[in-house]
Novice: 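Dumping the structure here so I can ask a few things about it.
Model, not experiment: these values are computed from the prediction. One-based numbering, in listed order, for ligands and for the atoms of each. The first residue of the sequence shown is numbered 1, and numbering continues consecutively from there.
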Amino acid sequence: MSLHSQVVQAFQSHFGAPPALVVRAPGRVNLIGEHTDYNDGFVLPMAIDRAAWIALRPRSDGQVIVHSLDLDQTVGFTLAALRHEDAGWAEYVKGVAWALQKAGHRLTGWEGVLTGNVPRGAGLSSSAAVELATARAFQAVSGFPWQAAAMAQAGQQAENQWVGVNCGIMDQMISAAGQAGHALLIDCRTLEASPAPLPPGVAVVILDTATRRGLVDSAYNERRAQCEAAAAFFAVPALRDVSMERFEAEAGGLDELTRRRARHVVSENARTLAAVQVMAAGDAAALGRLMNASHASLRDDFEVSNHELNVMAACAQAEPGCYGARMTGAGFGGCAVALVDAGQAEAFALNVATAYQQRTALTPAVYVCTASEGASIVA
Ligand code: GLA
């Protein structure tokens, strides 16, 4: 049964009537442009065909009641009196309500059932999917216009200020604004997003290492601080403002570690812009080479990969039909992404899984995925 039918059925049995509407918002995989978003830089993610779904109907009493199908838990709160309760997944829903109200929206309450198939903790942005599905739900019942960038910002604020995770804007932007069949070049300074068509005849394959990020928050915050220190050295608002030429001319004045961190960000921004050019030319091989270079930079200069991600990227890169592969997301565990000749994708998936399993004794999850639409009202 599709998730759509499941969530509708679960609503019916939980609330005793059909839902008034169904919304969904996708997870994402980033093709290139990693650890650039909080440097005001460029990212090139695509929304995947795995999403958070909510079936719901409005309530007139200012209450929100959400039943999580996967956890079999129901949580309720009052819009006029939001309180932190450390209620796990429900804090994402509440945090979005808080951010939307802070932005001046008058919210209508609702009751609904939430489910989803974005794996949690795998680096595919399951939390952004829940945030943007929630924003869609509030927008639909409250009747204010849907503005993708503003909704993404509300999702990010929920995560930064309500839940307390210091992420950038990439995951929320792509979940809000994704386009079927396309990746999106996002300028994380202006939040301008432009669709980049995938080269013809390629498949995007997600390779989950089955390792989960530990210590990711502290390491993530440390990387952010190092990037800010480098920007201060160059006397610019963010590393986005440093070109490769300027970096090469002046980076000698930085300590070795900060220099490597900054070199990743500066070179990754250049690779991301180059990726858009080669995509426009339909050049899958060139895009693959940029992805391989991105992985090396994340592994050696930014140091956010782990052993399993390196093994996975190497296994993928060694397979016939693979144009390129790299870790994706924050790092320290989770998923790699590969660009593969569509005709060879099935064999590729099988062979990489076997090779990885032989080298690590871990069982990976492999999915061929398609670029899907951002947060939407389905019915
Ligand atoms: C996580 C964050 C994003 C981004 C990536 C790294 O996914 O949520 O904002 O910083 O890491 O590119």
Novice: Examine distances only and state if a side-chain atom of N160 and a backbone atom of V165 form a donor-acceptor pair shorter than 3.5 Å.
Specialist: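 Flag set: sc N160 to bb V165 pair under 3.5 Å.
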Novice: Closer than 4.0 angstrom: is that true for some heavy atom of R28 and an atom of ligand 1?
Specialist: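 Right, R28 reaches ligand 1.
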Novice: Atoms of ligand 1 less than 4.0 Å from G168 heavy atoms?
Specialist: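 Counting from 1, the qualifying ligand atoms are 9 (O).
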Novice: Would you say ligand 1 has an N or O under 3.5 Å from any N or O of G33?
Specialist: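 Not met; the criterion fails.
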Novice: Polar contacts were defined as any N/O atom of the residue lying under 3.5 Å from an N/O atom of the ligand; does this apply to N30 and ligand 1?
Specialist: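 No: no nitrogen or oxygen of N30 is under 3.5 Å from one in ligand 1.
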Novice: What pairs with Q147 under side chain to side chain donor-acceptor pair (under 3.5 Å), at least two apart in sequence or on another chain?
Specialist: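 By the side chain to side chain donor-acceptor pair (under 3.5 Å) rule, Q147 matches no residue at all.
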Novice: Who's the nearest protein heavy-atom neighbour of atom 5 (C) of ligand 1, and how far?
Specialist: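 Answer for atom 5 (C) of ligand 1: M170 CE, 3.8 Å.
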Novice: Less than 4.0 Å between a side-chain N and a carboxylate O, is that true for K94 and E85?
Specialist: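 A salt bridge is present here (some side-chain N lies under 4.0 Å from a carboxylate O).
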Novice: Starting from atom 8 (O) of ligand 1, which protein heavy atom do you reach first, and at what distance in Å?
Specialist: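 Looking only at protein heavy atoms, the one closest to atom 8 (O) of ligand 1 is D171 OD2, 2.7 Å.
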Novice: Any N/O of Y38 closer than 3.5 Å to an N/O of ligand 1?
Specialist: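 There is no such contact.
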Novice: Is there any N or O on Y220 that sits under 3.5 Å from an N or O of ligand 1?
Specialist: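 There is such a contact, yes.
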Novice: Any side-chain heavy-atom pair from D70 and L114 closer than 4.5 angstrom?
Specialist: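 Side chain of D70 against side chain of L114, heavy atoms only: no contact under 4.5 Å found.
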Novice: Which atoms of ligand 1 are found less than 4.0 Å from any heavy atom of D37?
Specialist: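 Contacts of ligand 1 toward D37, numbered from 1: 3 (C), 4 (C), 9 (O), 10 (O).
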Novice: Should S125 be counted as touching ligand 1, given the test is an N or O pair under 3.5 Å?
Specialist: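 Not met; the criterion fails.
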Novice: Please state whether the rings of H35 and F302 are parallel, tilted or perpendicular, taking 30° and 60° as the class boundaries.
Specialist: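 Ring orientation of H35 relative to F302: tilted.
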Novice: Mind checking side-chain contact (heavy atoms from CB on, under 4.5 Å) for T134 and listing every partner two or more places apart, or none if nothing turns up?
Specialist: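 For T134 the side-chain contact (heavy atoms from CB on, under 4.5 Å) partners, ignoring immediate neighbours, are I54, V93, V96, W110, V130, F138.
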Novice: Can the ring centroids of Y220 and Y38 be said to lie less than 6.0 angstrom from one another?
Specialist: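 Close enough - the centres of the two rings lie under 6.0 Å apart.
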